[in-house]
Q: 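What follows is a structure written as structure tokens; I'll ask about it next.
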Amino acid sequence: MDYVMAFMVGGALCAIAQLFMDIGKFSQMHVMSLFVAAGVVLGIGGIYDRLIAIAGAGAAFPISGFGYFLAKGVLAQSGAAGWLAVSSGMFQFAGAILSFAIVLSFFTALLCKPKG
Amino acid sequence: MKLAGKQTWVFEHDIYIQATGTAVGPLEADGPLRESFDIAHDDLYCGEKTWELAERRLMQEAIGVCLQKGNISFSDIDIFLAGDLLNQNVTANYVARTVPAPFLCMFGACATSMQTIAVGAALIDGGFARTVLAATSSHNATAERQFRYPTELGVQKPKTATFTVTGAGAAVMGRKRGRWRITAATIGKVIDAGTANPFDMGSAMAPAAASTIEQHFIDLGTSPADYDLIVTGDLSRVGSVIVRQLLAESGYNVTDNYNDCGLMIYRPDQNVFAGGSGCACCAVVTYGHLLKEMERGALQKIFVVATGALLSPTMMQQKQSIPAVAHGVVMEAVKEER
């Protein structure tokens, strides 16, 4: 059941993004930014927490999940750091995602050469 | 007067294409016209380290094979005209280092091939040159990076997108009798149809092509039936339909003897979206395939209209529309004297 929910929710998020590109004529970059921003908003509202509870990786892996982790980091530190948490907490969780992506791309670039 | 009507140059002297050379990449070599090309690479890098260097190599090879086939040496060349799609025309400008002749860089986006032929023929007709070398190139991966997104980004493309041809074409023109004669050229006006989608160049360029073709008929008093083939550069599946509609609205029926280089160079099953594009598209199809068809006797008189979308990524980001231009050249087969 976990797999099915992850597939349904993750697939639905991707389908929405595809509709933005195909019908809304948004560029890929715009859709990406839009999803990050949407993840932040839904993360603050607590809605994305529920989505992750239902779908797990299906909600965490799309780029909106990155926005959610940005918001979650800020919320986690906001008690102690107040407004400073916006800058200090932002990358508490999202930092791991970024570092992982950078390290992975570094090794990919070392090993692979684009073919076309 | 060599200017006929508003935009058409009719050359007074007999100007010939003496030789041509073409070099292409792997997908073009796998297409239906593979036999027409002189050099074919089985790798997109063409043995170089980067795609930009690969494109430069293609242009250099096209020039080399062209001179070799025509038995022409660099010292015979009075002027070199060339262009490509990269910023600052780096392919043409760097290749020009190796050509010991005066050089004029040309940019007309994908209309560059016929721009160099038209200007070269005019220089010869005017007596400013005896022999002109013209070259044009494009490369799929360099053009994607230049105009859309780097291919490594893996951005989705819609069905209306075109696929930039990897290749280069070169031609030597002069007064010495050759197998093909250049008789007239129609220089296009820049037309902006108001579209702003870099993934649909066909719609952007079709009105410019229609304008040049129509003006050509008006200037010379000819009709579509006077040509064995009217061929556009890279309007693709989308634009080639629009240009025929626009011409039909103006009262010119261009159907049976019309084709588009972008539709000729690939098979439909080669995953090239709406068809081929890029300034090498018109160059390699014309210099490789069409001139061979004329030599064979299958075609007598053709009108080649190279179409160029004059956009830049910066202008696209600032939500500007795409201006387009099309230049046409009339080529006639020269009959063997017996």
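Sequence lines set the chain letters: A, B, ... in the order given, protein chains first and strands last, and positions in each chain run from 1.
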Q: Ignoring hydrogens, what is the shortest heavy-atom contact between B:Glu48 and A:Lys113? Give both atom names and the distance.
A: O-NZ, 4.5 Å

Q: Within a radius of less than 6.0 Å around CG of B:Asp30, do more than 12 heavy atoms belonging to other residues, nucleotides or ligands occur?
A: yes

Q: Can you tell which part of B:Gln156 gets under 4.5 Å to a heavy atom of chain A, answering side chain, backbone, both or neither?
A: both

Q: Taking everything shown except B:Phe107 itself, do over 12 heavy atoms lie less than 6.0 Å from its CZ?
A: yes

Q: Counting heavy-atom pairs closer than 4.5 Å to chain A, which one of B:Leu44, B:Asn140, B:Leu153 comes out on top?
A: B:Leu44

Q: Heavy-atom count check: over 12 atoms from other residues, nucleotides or ligands less than 6.0 Å from A:Met29 CE?
A: yes

Q: Establish, yes or no, whether the cationic atom of A:Lys115 lies under 6.0 Å from the six-membered ring centre of B:Tyr45 and within 45° of the ring axis.
A: no

Q: Where do B:Tyr149 and A:Ser27 land on the side-chain contact (heavy atoms from CB on, under 4.5 Å) test, with the steps shown first?
A: CA-CA 11 Å; B:Tyr149 298 105; A:Ser27 79; 3.9 Å; yes

